[in-house]
Colleague: 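For reference, the structure I am asking about is given below.
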Amino acid sequence: GAGGAGGPGAGQLCCLREEGERCGRAAGNASFSKRIQKSISQKKVKIELDKSARHLYICDFHKNLIQSVRNRRKRKGSDDDGDSPVQDIDTPEVDLYQLQVNTLRRYKRHFKLQTRPGLNKAQLVEIIGCHFRTIPVNEKDTLTYFIYSVKNDKNKPDLKMDSGVH
């Protein structure tokens, strides 16, 4: 039926459409902001703001749904859904274990890291990992250099990164 009775805010329905259908649940006091819309748009959730709704309030069901979607972190051993969510965007985890011990030792020498002699691989990985995460990266320079290297096919390992382009 056509609603519209009651005062402002009374008996409002959730402002969302789910899979194209307007939600029929009563709206609570949570609202659907642009930021929420953006944060769930990549998450394959088929909910969107109904253009005809004159408010941004959503029902508790959708509030909980949105919270669970936004907080979804990859839990260990839940590889059921193939495409795992992106881990912390800020610090991509690099698996130094994939490197050979010689490579790790070269890294250690290059950055003159102080370690006691005779470390095993696990210890090297730990020390280098801590250092690796502290290296500031100038993204623009790095990308520029990378593109330059690719264009000029300079993929020889002896190219010195820090001494500028020769």
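Just so it is clear, the structure is predicted and the values come from calculations on it, not from any experiment. Position 1 is the first residue of the sequence, and the numbers go up from there.
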Colleague: Are Thr144 and Tyr148 close enough that some pair of their side-chain heavy atoms sits under 4.5 Å apart?
Modeller: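 Sidechains of Tyr148 and Thr144: no contact.
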Colleague: Please give me the minimum heavy-atom distance between Arg116 and Leu119, naming the atom from each residue.
Modeller: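 That would be O-CG, 3.2 Å.
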Colleague: Just checking Phe32 against His62, ring centres under 6.0 Å apart?
Modeller: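 Between Phe32 and His62, the centre distance exceeds or equals 6.0 Å.
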Colleague: For His131 and Leu113, work out which heavy atoms get closest and say how close.
Modeller: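 Looking at all heavy atoms of both residues, the shortest contact is CD2-CD2, 3.4 Å.
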Colleague: So do the side chains of Tyr57 and Cys15 get within less than 4.5 Å of each other, counting heavy atoms only?
Modeller: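 Result no, sub-4.5 Å side-chain heavy-atom pair not found.
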Colleague: Hey, what do you get for OH (Tyr145) to CG (Asp141), rounding to the nearest 0.5 Å?
Modeller: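 Tyr145 atom OH to Asp141 atom CG measures 12.0 Å (nearest 0.5 Å).
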Colleague: Any heavy-atom pair between the side chains of Thr115 and Lys108 that's under 4.5 Å?
Modeller: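 Lys108 reaches Thr115 side chain to side chain.
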Colleague: Do Arg17 and Lys46 have side chains that approach each other closer than 4.5 Å (heavy atoms only, starting at C-beta)?
Modeller: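 When only atoms from C-beta onward are counted, Lys46 and Arg17 do not touch, as no gap falls below 4.5 Å.
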Colleague: Is the count of non-hydrogen atoms from other residues, nucleotides or ligands lying under 6.0 Å from Glu126 atom CD greater than 12?
Modeller: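 Counting other residues, nucleotides and ligands, CD of Glu126 stays at 12 neighbours or fewer.
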Colleague: Could you grab the distance from atom SG of Cys14 to atom CG of Asp60, nearest 0.5 Å is fine?
Modeller: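 Answer rounded to 0.5 Å: 9.5 Å.
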Colleague: Of all the heavy-atom pairs spanning Val125 and Leu96, show the shortest one and how long it is.
Modeller: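 Residues Val125 and Leu96, closest heavy atoms: O-CD1, 3.8 Å.
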Colleague: Can you hop from Phe61 to Leu16 via hydrophobic side chains spaced under 4.5 Å?
Modeller: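 No; tracing contacts between hydrophobic side chains, which count when under 4.5 Å, never links both residues.
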Colleague: Do Ile66 and Ile47 have side chains that get closer than 4.5 Å, going by heavy atoms?
Modeller: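 Side chain of Ile66 against side chain of Ile47, heavy atoms only: contact under 4.5 Å found.
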Colleague: Arg22 and Leu13: which non-hydrogen atoms are nearest, and at how many Å?
Modeller: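 Closest heavy-atom pair between Arg22 and Leu13: NH2-O, 3.6 Å.
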Colleague: Does atom CG of Asn29 have more than 12 heavy-atom neighbours, drawn from other residues, nucleotides or ligands, at distances under 6.0 Å?
Modeller: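 No, because the 6.0 Å sphere around CG of Asn29 holds 12 heavy atoms or fewer from other groups.
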Colleague: Hey, are the side chains of Ile147 and Lys151 touching, using non-hydrogen atoms and a 4.5 Å cut-off?
Modeller: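 Yes, side chains in contact.
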Colleague: How many angstroms lie between NE2 in His55 and CG in Asp50, if you round to the nearest 0.5 Å?
Modeller: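 One finds 9.0 Å between NE2 of His55 and CG of Asp50.
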Colleague: Which pair of non-hydrogen atoms, one from Tyr107 and one from Phe132, has the smallest distance, and what is that distance?
Modeller: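 Looking at all heavy atoms of both residues, the closest pair is OH-CA, 3.4 Å.
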Colleague: Please report the shortest heavy-atom distance between Cys59 and Cys23, naming the atom on each side.
Modeller: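 What the structure gives for the nearest pair is SG-SG, 3.8 Å.
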Colleague: To the nearest 0.5 Å, tell me how far Glu18 CD sits from Leu65 CG.
Modeller: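 CG of Leu65 is found 6.5 Å from CD of Glu18.
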Colleague: With hydrophobic residues grouped by side-chain heavy-atom distances under 4.5 Å, do Ile135 and Leu124 end up in a single group?
Modeller: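 Yes: a chain of side-chain contacts under 4.5 Å links Ile135 to Leu124.
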Colleague: Measuring from Gln67:CD to Ile36:CD1, what's the distance to the nearest 0.5 Å?
Modeller: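 So the CD of Gln67 and the CD1 of Ile36 are separated by 8.5 Å.
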Colleague: Measuring from Ser33:OG to Leu56:CG, what's the distance to the nearest 0.5 Å?
Modeller: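 Between atom OG of Ser33 and atom CG of Leu56 there are 8.0 Å.
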Colleague: Should Phe111 and Ile128 count as side-chain neighbours, where that means a heavy-atom distance under 4.5 Å?
Modeller: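 Of all side-chain heavy-atom pairs linking Ile128 with Phe111, none is under 4.5 Å.
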